[in-house]
Asks: 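Here's a structure for you.
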Amino acid sequence: MPLLLIALGSVWFLKSTALLPNTATLLALLLAGCGLLLLVLEGVNKSSIVSSPLLMYTGAAIWVYDHYGVRFSHVFSLGMVLAGLLMLLAHNRRIPERQAPRGGRKGPPAEH
């Protein structure tokens, strides 16, 4: 509860003092940051080579849509082309498969 109060109070303070960017900009930054963080944490693999750039593109698309008024159909259709290209790239043999999480499988032990 104390952490929730600190977080909400901080966001409210930043919003009321106009130090916090508008919602679209904040969402765009969060999505782009998540895409970059995913790529850093997982490295380049068949999953991250598609999802990370798409998260970053979505953040950029929201920002461009909000600040420059680019039509949604333009942003969405370009995103579809990017997604298709990334999916084709993921089929390349040189890009490794996603590794299983370290520490092994969680859950009940396998029966012998």
Asks: Can you say whether the rings of F72 and F76 are parallel (under 30°), tilted (30 to 60°) or perpendicular (over 60°)?
Replies: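 The rings of F72 and F76 lie parallel, inter-plane angle below 30°.
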Asks: Does the side chain of N22 reach to within under 4.5 Å of the side chain of D66, using non-hydrogen atoms?
Replies: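 Yes, side chains in contact.
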Asks: Check for me, please, whether L54 and V44 land in the same ILVMFWY cluster - side-chain distances under 4.5 Å, paths through other members count.
Replies: yes
Asks: Calculate, to the nearest 0.5 Å, the distance between atoms CG and CE belonging to L39 and M56 respectively.
Replies: 5.5 Å
Asks: Would you check if the side chain of S16 reaches a backbone N or O of F13 as a donor-acceptor pair within less than 3.5 Å?
Replies: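 Yes; judged by distance alone, with no hydrogens or angles, the pair exists.
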Asks: Taking all non-hydrogen atoms of both residues into account, name the closest pair between L86 and V50 and its distance.
Replies: O-CG2, 3.6 Å
Asks: Mind listing the closest non-hydrogen atom pair of L89 and I49 along with its distance?
Replies: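 Taking L89 first and I49 second, the nearest heavy atoms are CD2-CG1, 3.8 Å.
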Asks: In sequence, state the C-alpha distance, the side-chain angles, and the governing distance for L38 and S51, and then conclude on side-chain contact (heavy atoms from CB on, under 4.5 Å).
Replies: CA-CA 8 Å; L38 180 65; S51 57; 3.3 Å; yes
Asks: Stepwise, does the side-chain contact (heavy atoms from CB on, under 4.5 Å) test hold for L31 with W63?
Replies: CA-CA 11 Å; L31 285 169; W63 189 79; over 6 Å; no
Asks: Looking only at heavy atoms, which two atoms of S48 and P53 are closest? And how far apart?
Replies: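 Scanning both residues completely, I find the closest heavy atoms to be O-CD, 3.4 Å.
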Asks: Where is the tightest heavy-atom contact between L14 and T17, given as atom of each residue plus distance?
Replies: O-OG1, 3.3 Å
Asks: Which heavy atom of Y57 sits nearest a heavy atom of V75, and at what distance?
Replies: OH-O, 2.6 Å
Asks: Can you list every salt bridge (charged side-chain N to carboxylate O under 4.0 Å, His left out) pair that touches residues 25-46, not counting sequence neighbours?
Replies: E42-R98
Asks: For a side-chain contact (heavy atoms from CB on, under 4.5 Å) check, start with the C-alpha distance between Y65 and V70, then their side-chain angles and the critical distance, and finish with the verdict.
Replies: CA-CA 5 Å; Y65 176 79; V70 176; 5.5 Å; no
Asks: About how many Å separate CG of L30 and CG of L27, when rounded to the nearest 0.5 Å?
Replies: 6.5 Å
Asks: Atom CE in M80, atom CG in L85: separation rounded to 0.5 Å?
Replies: 12.0 Å
